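This one's a predicted model, so the numbers in the text were calculated from it and none came from an experiment. Chain letters run A, B, ... following the sequence lines, proteins first, then strands; residues in each count from 1.
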Amino acid sequence: MTNLKLQYKPGEIEPKWQNIWEKGNIYEAKDFAKTDKYYLLVEFPYPSGAGLHVGHVRSYSSMDAYARKKRMEKYNVIFPIGWDAFGLPAENYAIKLGIHPSITVKENIDNFKRQMKALGLSFDWSREINTTDPKYYKWTQWIFLKLFEKGLAYQSEVEVNWCPFCKTNLADEEVNSDGTHERCGTMTVKRMQKQWLLRITNYADRLIDDLKLVDYSDKISIQQKNWIGKSEGATIKFQIPDHKSQIEVFTTRPDTLYGATFLVVAPEYAKANLLKLVSKEKEELLSKYIDISLSNANIERDLGEKEKSGVDTGLKAFNPAIGKEIPIWVSDYVLAEYGSGAIMAVPAHDERDFAFAKKFGLPIISVISGGNISEVAYTGCGEIIDSGSWNGLTVPKDNTKIVFDIEKKGWGKREHSYHIRDWVFSRQHYWGEPIPMIHCEVCGIQPVPEKDLPVELPYVEKYEPSGTGESPLANIGLWVNTICPKCGGKARRETDTMPNWAGSNWYYLAYLFADKLGISGFQWFDELTIPSKVEGSPISNLKLSKNEEKNKFINIFYENKKKIKYWMPVDLYQGGFEHTTLHLLYSRFIYKFLYDIKVVPTPEPYMKRRSHGIVLGSDGRKMSKSFGNVINPDQIVGKYGADTLRLYEMFMGPFDQMVAWSEESVEGCFRFLRRLYKLFGEKIGKESDKELEMRLHQTIKKVSEDIENLKFNTVVASLMEFSNYWGDSSGLAKNDAREFIKLLAPLVPHFAEEIYQRDFAGSSSLQWFDELTIPSKVEGFPVTNELTGPQTENGKFHSVHLQEWPKYDPKLIIESTVTIAVQVNGKLRGTINIESQVTSHKSKVLVMAKENPRIAKWLEGKTIKKEIYVPGRLLNFVF
RNA sequence: GCCCUCGUGGCGAAAUUGGCAGACGCGCAGGAUUUAGGAUCCUGUCCCGUUUAGGGGUAGAGGUUCAAAUCCUCUCGAGGGCACCA
C-alpha cells in the first residue's frame with residue numbers, strides 16, 4: 001500500500017511552491033502600508049565564481065525564517081537582496097579567466113540567484129540592486145561629490161599600503177596585522193602616493209557616542225570603539241629656545257610631565273621639521289637614520305617590539321614643568337601618523353621610553369610612587385612625587401585637576417587622539433566606480449557636474465593593473481581626455497576608482513527606491529553586448545528616463561524622501577563579524593554624512609546589528625578548495641531538499657557561533673521532516689490529547705520567543721520535541737495541527753505550504769493581508785490550471801506564509817502538575833509532584849515534602865534551620 | 001603585550017539567566033522487521049557502584065551563596081580583534 005500522503009518528496013514539492021510564490025509576488029514589501037514596517041537587512045553578497053557558500057545559506061535561511069515570522073505577525077516586512085559586485089576579487093577572477101568582469105559578474109549573479117531561489121528565500125526580488133550598474137553607481141558617485149563639496153573628500157600625498165600582487169593601494173582595514181593583504185595574503189609594502197581620502201576622523205566622536213543609540217552585540221560595539229581608539233590626554237608645547245621653534249606632543253599621561261627627561265620625534269617628523277635646525281655634523285647622521293628607517297618599508301617597524309634605535313639631534317627642548325632643557329632624539333618607535341608624531345619620553349613610567357633610555361643612557365626620573373624603576377618602568381597608578389605643586393595628588397583619580405593646571409599655566413591643553421585614520425578611498429584598478437573628478441591644467445581639481453553623472457566605466461581591452469601605481473583607465477585617451485567643467489579648457493579625468501566598499505555604503509537606501517533607479521531586472525546586463533567595443537566607450541547603453549531630460553538633474557534621494565522616511569532605519573542588520581571595522585563602520589560614517597546633508601532622517605542606519613558564526617568544514621578547518629572540504633549547497637538541496645538544508649543550518653549550533661559541518665546531522669534533519677510528514681498524514685484526530693494541547697501552546701511560546709532572539713537551534717529542538725510528543729499521543733486535532741504547521745512555516749516553507757494547502761487551507765479564513773491598504777497584487781491571486789496542488793478558495797490561493805502567526809493561550813501552557821525538586825542542605829534528595837494550584841502555598845508543599853519517605857529519611861532527627869522555597873521549582877531544607 | 005569571547009558526554013549542543021546539569025539531534029549498543037544490505041520502529045546511552053542504596057561530575061584551584069555550568073579571584077587552554085597608539 002502506498003499512501004502518497006505519507007511520502008515526503010522535497011524534490012517535487014519545492015520547485016512547485018517556489019514557482020507559485022514567485023507568480024503571486026507574496027513577498028513584496030509595500031511602500032507606505034499602514035501596518036508597522038520592519039526592515040530586515042542581510043549583507044548583500046559579492047557574487048563570486050564559487051557560488052553560494054553554505055555560510056551564506058546559514059545567514060540567509062535564518063533571516064528568511066525571521067522575515068517570514070514577522071510577516072505572519074502582520075509586519076510590513078522589507079527583506080531585500082542585491083549584488084555587491086565591484087572590487088578586486090571580481091577583477092582578479094575575470095583576469096584569470098580572460099573574460100571581461102562585466103560578463104563574469106553577470107554569470108555569477110545568475111548562478112547565485114538560481115541558488116537563492118532554490119532555497120526558497122523570501123527576498124523581494126522586485127527591489128534587486130547591483131552596485132556595478134551605472135544607474136546605481138551614479139549615486140555612489142554623487143555621494144562622493146557631496147563629500148568633496150563639504151570638504152570631506154580630499155587628495156593628499158600619503159603613505160599607503162601597496163599590494164605588489166594585486167598592484168593596488170589598500171585601506172588600513174584591508175591589511176592584516178602581519179602586514180599581508182587580507183584578500184590575497186601577499187605582504188604589503190608602504191609607499192607614498194597621491195590618494196583620495198575621506199575624513200572619517202571628523203566623525204570619530206559621533207561614531208563612538210552614537211553607539212548608545214543602537215543595539216549592537218557587545219562584541220561589535222567594543223570592536224568598533226577599539227578600532228576608533230579614542231584616548232584622552234593633553235598636548236604639551238616644548239619650546240626649542242635656540243631656534244625659536246617648538247614641538248607639540250600628545251600624551252595620555254600629562255601627570256608624568258615632571259618625569260619627561262627627553263623628547264622623541266618620528267623620522268618623518270624630523271625630516272620635515274628638524275633637519276633644517278640641526279648642526280652640520282648632526283645633519284648627515286640624522287639624514288642617514290631617517291633614510292634607513294623610511295626605506296625599511298616599515299614592515300619591521302610595524303611588527304611588534306624590536307631593538308630600539310635612534311639618534312640624538314643635538315637639539316634641546318624646554319620642559320616647562322621642571323624648567324630645564326631636555327634633549328630631542330629621533331627614533332622610529334615613534335609613529336608619524338599618531339598624535340603629532342612627537343612624544344615626551346617618560347622612561348620611569350613607560351616601557352618603550354624605559355627601553356630607549358636604558359639603551360642610550362638617558363636619565364630616568366620617577367614621579368609616581370609605587371614601582372621599582374631600577375628594574376622596569378612603572379605604569380601603574382599611585383601618588384605623584386617630586387612634581388612641584390602636584391605632589392600628593394594621585395593618578396588616575398586627579399588627572400582632570402592636573403590637566404586643568406597645565407591649561408592654567410599655559411603649558412598645553414586637554415586633547416583627544418584617535419587610532420582611526422582617514423579612509424584611503426582610491427584604488428588603481430579598473431573594476432570600480434570611477435571617481436568623478438577632473439584635473440584641469442588651469443583650474444586644478446574640479447568635480448564632475450552633477451548633471452553629467454554617472455561617469456561611466458569605459459570599455460577596455462586590457463584591464464590588468466599597470467603596476468605603475470596608475471589605474472588601467474589612465475591609458476584610455478578617449479576616456480581620460482576631457483574638458484574642464486569650469487573653464488572649458490583641456491583636462492584629464494581622475495583615473496583612480498573607488499574601493500569595493502563604496503557601493504555598500506548606501507545600498508540599503510537603494511532598495512527603497514530601486515524601481516526609480518531603473519535597474520531591477522538587469523536591464524543593463526541584458527543590453528550588455530558591448531556594442532561598439534571601442535576602447536573608451538561606455539559599456540552600458542544607459543538611457544535617460546523620460547522625465548530625466550538633459551541638464552535637468554533629479555536627485556533620487558530627495559525625490560524619494562518619503563519612502564526613505566517610511567522604511568528607515570533598518571530594524572535588524574545581520575552580517576559577518578569580519579565587517580565590523582570595515583563595511584559596518586564605513587557605512588555608518590557615510591550614513592551620518594547623509595544625515596548631515598539631510599538626505600536621511602535618522603542619525604544611525606541600523607537599529608540592531610547581529611552577526612553569525614562561520615560554517616567550517618567537517619574537519620573543523622575553514623572551508624577551502626585546497627583542503628577539499630567545501631560543501632556545495634546545490635548538492636545538499638539535490639539530495640535532501642532545501643527545507644532540510646535550511647533546517648540543519650539553523651539547528652547546527654548557536655547562530656553567532658562557528659560550527660563545523662556534519663553530513664550525519666543533515667540526515668537527522670531529513671529524517672525528522674520525513675517522520676513529521678507522515679505524522680501530518682496519519683495522526684490528525686477530532687480532538688487533541690489534553691497533554692499534547694498543552695505542549696503545543698508551550699511550543700508556540702518557545703518558538704515565538706526564540707525566533708525573536710535569533711536562537712534558531714532551540715527553535716528546531718522544540719519543534720522536534722513537540723513532534724516526539726505528538727508521535728506518542730493519541731492524536732492532534734485538525735485546528736491544532738494547523739497552528740503547528742504555521743510554526744513550521746518560517747523554517748521549512750515548502751514543507752509547510754504543501755501540507756497547509758493540502759489539508760488546511762480550505763477551512764481557513766484568516767487572511768491578514770486583506771487589512772493592508774496598499775496592495776492589489778498580493779491579495780489572494782488566481783491560480784492557473786497549469787499549477788496543480790494548491791487548494792483554492794473561490795479560485796484564490798492563500799499562502800500559509802501570509803497566515804496569522806499562532807498565539808499561545810496563557811491558561812493552556814500551565815502544567816496541571818508540577819515537579820518540585822527537594823534538596824536537603826543543597827543536595828537533591830528527591831522530587832515531589834504537586835497540583836499546580838498548590839505551588840503558591842508554601843506550607844502545603846512543605847508538608848508534602850516532609851511526608852515523602854525518600855526525603856523524610858534525610859530529615860530524621862535534624863533541626864531544620866531554614867526552609868527555602870522557590871515556588872513551582874524547588875525546596876531546600878537547611879540545617 | 002592589551003581588549004573581547006569561549007571552555008559542559010564519544011560529537012553538535014541545551015539549561016526558564018543563580019534553582020532537578022546533559023533537552024533536542026548525531027553517534028554507539030541491544031532488540032523488532034527484512035532472504036540480505038539499506039530504510040524504518042522500539043529500548044538503552046555522563047562516570048563509579050553487577051542491581052539497589054549511594055557517591056562523583058560543567059578545563060583546574062579557591063571564594064561568595066541555603067543553592068553556582070551561570071557571580072568573583074587566580075591558573076591553564078582555544079578562538080577573534082588590536083598591536084612600539086605615547
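Across all strands shown, Ser662(A) has no heavy atoms under 4.0 Å from either base or sugar-phosphate atoms. Across all strands, Asn226(A) comes closer than 4.0 Å only to sugar-phosphate atoms, never to a base (heavy-atom distances). Residue Thr819(A) is in base contact, counting any heavy-atom pair closer than 4.0 Å across all strands shown. Within the nucleic acid shown, Asp353(A) has no heavy atom closer than 4.0 Å to any nucleic acid atom. Nucleic acid contact for Val659(A): sugar-phosphate only, since backbone atoms but no base atoms lie under 4.0 Å from a heavy atom of the residue. Contacts of Lys865(A) with the nucleic acid, taken as non-hydrogen atoms under 4.0 Å apart, are absent. Lys701(A) comes within 4.0 angstrom of nothing in the nucleic acid, heavy atoms only. Asn724(A) comes within 4.0 angstrom of the backbone, heavy atoms only, and of no base. Within 4.0 Å of Gly229(A), counting heavy atoms only, lies no atom of the nucleic acid at all.
Taking the side chain of Gln823(A) as heavy atoms from C-beta on, and the options G54(B), A13(B), G19(B), the nearest nucleotide is G19(B). In the set A14(B), G27(B), G19(B), the nucleotide with an atom closest to the side chain of Ile868(A) is G19(B). Among A86(B), G81(B), C84(B), the nucleotide with an atom closest to any side-chain atom of Thr251(A) is A86(B). For Lys866(A), whose side chain is taken as the heavy atoms from C-beta onward, the closest listed nucleotide among A83(B), C66(B), C84(B) is C66(B). Ranking A21(B), G54(B), A13(B) by closeness to the Pro654(A) side chain, first place goes to A13(B). In this structure, of G25(B), C24(B), C66(B), it is C66(B) that holds the atom nearest to the side chain of Asn876(A). Checked against C84(B), C3(B), C66(B), the side chain of Ile222(A) finds its nearest nucleotide in C3(B). Looking at the side chain of His419(A), the nearest of the listed nucleotides A83(B), A14(B), G27(B) is A83(B). Ranking G19(B), G25(B), G54(B) by closeness to the Phe651(A) side chain, first place goes to G25(B). Checking G81(B), C20(B), A53(B) against every side-chain atom of Gln223(A), the shortest atom distance belongs to G81(B).
Nucleotide A61(B): paired with U73(B) (Watson-Crick or G-U wobble, both distances less than 3.5 Å). Of the nucleotides present, U40(B) is the one that pairs with A32(B) by Watson-Crick or G-U wobble criteria, both distances under 3.5 Å. Across the strands present, U51(B) finds no partner; the criterion is a Watson-Crick or G-U wobble pair with both atom distances under 3.5 angstrom. Remark: A68(B) base-pairs with no nucleotide in the shown strands. Criterion, Watson-Crick or G-U wobble with two distances under 3.5 Å. Base pairing of C46(B): its partner is G56(B), meeting the Watson-Crick or G-U wobble criterion (both donor-acceptor distances under 3.5 Å). Pair check for G12(B) finds C24(B); Watson-Crick or G-U wobble, both atom distances under 3.5 Å. Shown here, C2(B) forms a base pair with G81(B); the pair counts as Watson-Crick or G-U wobble because both key distances fall under 3.5 Å.
Nucleotides C4(B) and U17(B), compared at atom P, are 26 Å apart to the nearest Å. Look at the P atom in both C74(B) and U5(B): the space between them is 15 Å, to the nearest Å. For the P atoms, the distance from G37(B) to U16(B) is 45 Å, rounded to whole Å. Distance noted for atom C1' between U65(B) and A83(B): 41 Å (whole Å). Taking atom C1' on both U58(B) and G22(B), the two are 9 Å apart, rounded to the nearest angstrom. Comparing U64(B) with C72(B), their P atoms are spaced 15 Å from each other, to the whole Å. The P atoms of A14(B) and C66(B) are separated by 31 Å, rounded to the nearest whole Å. Taking atom P on both A29(B) and G38(B), the two are 12 Å apart, rounded to the nearest angstrom.
Rounded to a whole Å, the CG atom of Asp728(A) is 11 Å from the P atom of C24(B). Note: OH (Tyr725(A)) to P (A23(B)) measures 11 Å, nearest angstrom. With rounding to whole Å, Tyr269(A) atom OH is found 18 Å from A86(B) atom P. Atom OH of Tyr216(A) is separated from atom C1' of U5(B) by 20 Å (rounded to the nearest Å). We find that CZ of Phe670(A) is positioned 12 Å from P of A39(B), with the value rounded to whole Å. Atom CD1 of Ile326(A) is separated from atom P of A86(B) by 19 Å (rounded to the nearest Å).
Listed pair Ser231(A) / A86(B) meets the phosphate criterion, a side-chain N or O lying under 4.0 Å from OP1 or OP2. One finds a side-chain N or O of Lys827(A) lying less than 4.0 angstrom from the OP1 or OP2 phosphate oxygen of G56(B). Put simply, Arg675(A) has a side-chain N or O that comes within less than 4.0 Å of OP1 or OP2 on C41(B). Close to G12(B), at under 4.0 Å from its OP1 or OP2, lies no side-chain N or O of Asn713(A). In terms of phosphate contacts, Lys711(A) brings a side-chain nitrogen or oxygen within less than 4.0 Å of OP1 or OP2 of A15(B). Residue Tyr333(A) places none of its side-chain N or O atoms closer than 4.0 Å to OP1 or OP2 of A86(B). A close approach under 4.0 Å does not occur between any side-chain nitrogen or oxygen of Lys702(A) and OP1 or OP2 of A14(B).
Shortest non-hydrogen contact noted between Pro267(A) and Ser293(A) is CG-OG, 3.4 Å.
A salt bridge is defined here as a Lys NZ or Arg NE, NH1 or NH2 lying under 4.0 Å from an Asp or Glu carboxylate O, and Lys359(A) with Glu307(A) meets this definition. Salt bridge status for Lys850(A) with Glu867(A): present, with a side-chain N to carboxylate O gap under 4.0 Å.
In G79(B) the O4'-C1'-N dihedral to the base is more than 90° from 0, which defines an anti nucleotide. In U17(B) the base sits syn relative to the sugar, since the glycosidic angle is no further than 90° from 0.
Counting only distance, with no hydrogens or angles, the side chain of Thr235(A) and the backbone of Val249(A) share no donor-acceptor pair below 3.5 Å.
For the pair Ile832(A)/Thr819(A), no side-chain contact is recorded, criterion being any heavy-atom separation below 4.5 Å from C-beta on. The shortest side-chain heavy-atom distance between Thr580(A) and Leu585(A) does not fall under the 4.5 Å cut-off.
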Test side-chain contact (heavy atoms from CB on, under 4.5 Å) applied to Ile402(A) and Val395(A), step by step = CA-CA 9 Å; Ile402(A) 288 162; Val395(A) 286; 4.0 Å; yes

Determine, step by step, whether Phe250(A) and Glu415(A) satisfy the side-chain contact (heavy atoms from CB on, under 4.5 Å) criterion, reporting the C-alpha distance in whole Å, the side-chain angles of both residues, the deciding distance to 0.1 Å, and the verdict.
-> CA-CA 8 Å; Phe250(A) 173 77; Glu415(A) 194 66 81; 4.1 Å; yes

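Atom CG of Leu257(A) sits about 6.0 Å away from atom CH2 of Trp411(A), to the nearest 0.5 Å.
Side-chain atoms of Arg671(A) and base atoms of U40(B) include no donor and acceptor less than 3.5 Å apart.
Between Phe722(A) and Phe740(A), the ring planes lie tilted relative to each other; the angle falls in the 30° to 60° range.
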